[in-house]
Amino acid sequence: PAVTSFAPTAATVGSLVILTGTNLDRVTLVRVGGVTATAFTVRSASRLEVVVPIGAVSGSVEVSGPGGAAQSATPLTILFAVTVNRVEPSSVVTGGVLTLSGSQLDLIQRVSLGGVTLPPVGAASGTSLRLTVPVGAVNGYLTVVDADGAIQVLPQAITVLSPVVFAGFSPTSALTGGRVVLNGQSLDRVSEVQFGGSTSTAVITDRSASSLTLTVPVGAASGPITLQ
């Protein structure tokens with residue numbers, strides 16, 4: 001078999017695409033963008049109709065049967081009912097929220113990151129969808145599945161950050177100008193530290209993911225240590 005053309009050149013999942021070519025009456029398998037079509041009808045040796053399958057992505061239309069296989073010279077473009085224009089923020093901590101903006105976002109069935117499904121926060125509107133980033137999500141690209149089963153991978157990379165964990169500090173008492181060391185996780189993301197509710201900000205003299213070395217500022221008071 002051989003495929004010489006198809007129409008339309010862009011289609012949604014579930015819509016009909018008509019192939020023209022030669023020996024199409026010998027076709028036993030059709031793939032769209034690498035996904036096997038479960039519904040196709042051979043009309044003649046020169047015409048075949050195929051329904052774009054769920055999960056299809058933009059790519060060539062392939063046919064095969066006794067005598068060989070062939071594919072279209074140009075790709076079929078898969079159209080999506082859902083349009084995502086923006087994802088914010090691009091970096092988010094585990095447990096944080098991502099916001100998708102676009103159109104017809106209420107048609108989204110599932111969003112995943114690194115194979116992990118992101119549960120929605122409340123109901124989606126047509127223009128906005130909020131998602132929680134769960135434990136297990138990793139850096140990568142969001143995959144969106146709409147109500148038709150169409151799959152699109154969004155181009156914006158998402159960075160998943162571990163939350164800041166404050167485990168302890170030493171010494172437990174210090175003079176103004178003295179040194180205090182904080183221990184924990186992801187402390188290299190801390191920008192400010194205050195003592196006892198004071199607005200005076202400690203000077204960070206050394207930092208790593210597991211520790212911060214601070215100089216107690218003038219105006220610091222006894223009490224809880226606040227990290228920002």
Side-chain angles (χ1 to χ4, degrees), residues 1-87 98-120 123-131 137-138 140-158:
V3 177
T4 56
S5 65
F6 58 86
T9 57
T12 58
V13 169
S15 60
L16 193 69
V17 174
I18 300 173
L19 312 184
T20 56
T22 57
N23 297 322
L24 297 182
D25 53 338
R26 303 174 63 185
V27 169
T28 58
L29 180 69
V30 181
R31 291 191 179 93
V32 179
V35 177
T36 299
T38 56
F40 69 90
T41 302
V42 175
R43 296 299 184 186
S44 68
S46 60
R47 179 187 172 103
L48 183 150
E49 299 172 356
V50 59
V51 176
V52 179
I54 292 174
V57 297
S58 297
S60 61
V61 180
E62 306 168 60
V63 296
S64 61
Q71 65 180 36
S72 60
T74 58
L76 171 68
T77 299
I78 301 300
L79 301 175
F80 302 104
V82 170
T83 300
V84 179
N85 297 322
R86 186 170 65 253
V87 180
L98 289 173
T99 300
L100 278 58
S101 301
S103 61
Q104 295 189 290
L105 301 186
D106 50 337
L107 297 180
I108 290 177
Q109 295 295 304
R110 184 170 63 89
V111 180
S112 62
L113 179 61
V116 177
T117 298
L118 278 57
S125 69
T127 58
S128 180
L129 173 63
R130 301 175 72 233
L131 304 161
V138 297
Y141 298 87
L142 294 174
T143 299
V144 177
V145 181
D146 67 22
D148 292 328
I151 299 171
Q152 56 177 311
V153 179
L154 304 184
Q156 179 180 322
I158 301 299

Flag, side chain of S44 to backbone of S46, donor-acceptor distance under 3.5 Å: yes

Donor-acceptor pair, T77 side chain versus S58 backbone, under 3.5 Å? no

For S103, enumerate each residue passing the side-chain hydrogen bond (donor to acceptor under 3.5 Å, both in side chains) test, keeping only those at least two apart in sequence or located in another chain. none

May I ask you to decide if D146's main-chain N or O and Q152's side chain share a donor-acceptor pair within less than 3.5 Å? no

Is the number of heavy atoms from other residues, nucleotides or ligands under 6.0 Å of F80 CZ greater than 12? yes

Which atom of N85 lies closest to which atom of G102, heavy atoms considered: ND2-CA, 3.6 Å

Sorted by chain and residue number, the side-chain contact (heavy atoms from CB on, under 4.5 Å) partners of A7 (sequence neighbours excluded) come out as none

Smallest separation among heavy atoms of A37 and V50, with atom names: CB-CG2, 3.5 Å

Who passes salt bridge (Lys or Arg N to Asp or Glu O under 4.0 Å) against R130, sequence neighbours left out? none

Considering only heavy atoms from C-beta outward, does the side chain of V27 approach that of F40 to under 4.5 Å? yes

Would L129 and I108 count as a side chain to side chain contact (heavy atoms under 4.5 Å, CB included) if you check the C-alpha gap in whole Å, the side-chain angles of each, and the deciding distance to 0.1 Å? CA-CA 9 Å; L129 173 63; I108 290 177; 3.8 Å; yes

What's the separation between atom OH in Y141 and atom CD in Q156, rounded to the nearest 0.5 Å? 10.0 Å

Given side chains that start at C-beta, do those of V52 and T12 come closer than 4.5 Å, heavy atoms only? no

V57 to I78 - nearest heavy-atom pair and separation: C-CG1, 3.3 Å

Gap between atom CG of L48 and atom CD1 of I18 - 0.5 Å precision: 10.0 Å

Look only at the side chain of S72 and the backbone of V61, and say whether a donor-acceptor pair between them is shorter than 3.5 Å. yes

What distance separates L16 CG from T41 OG1, expressed to the nearest 0.5 Å? 8.0 Å

Which pair of non-hydrogen atoms, one from L76 and one from P8, has the smallest distance, and what is that distance? CD1-O, 3.6 Å

Gap between atom CG of L100 and atom CG of L131 - 0.5 Å precision: 5.5 Å

Residue pair V111 / L98, side-chain heavy-atom distance below 4.5 Å: no

Listed partners of Q104 passing side-chain hydrogen bond (donor to acceptor under 3.5 Å, both in side chains), at least two apart: none

side-chain hydrogen bond (donor to acceptor under 3.5 Å, both in side chains) against R26, all qualifying residues, sequence neighbours excluded: none

Give the minimum heavy-atom separation between A70 and A2, together with the two atoms involved. CB-CA, 3.9 Å

Kindly indicate whether the side chain of P53, heavy atoms from C-beta on, has any atom under 4.5 Å from the side chain of T36. no

Output for pair (R86 CZ, T99 OG1), nearest 0.5 Å, gives 9.5 Å

Quick one: side-chain contact (heavy atoms from CB on, under 4.5 Å) partners of S125, sequence neighbours excluded? T127, S128

Would you call V84 and L105 a side-chain contact if the rule is heavy atoms closer than 4.5 Å? yes

Distance-minimising heavy-atom pair for G68 and P1: O-CD, 3.7 Å

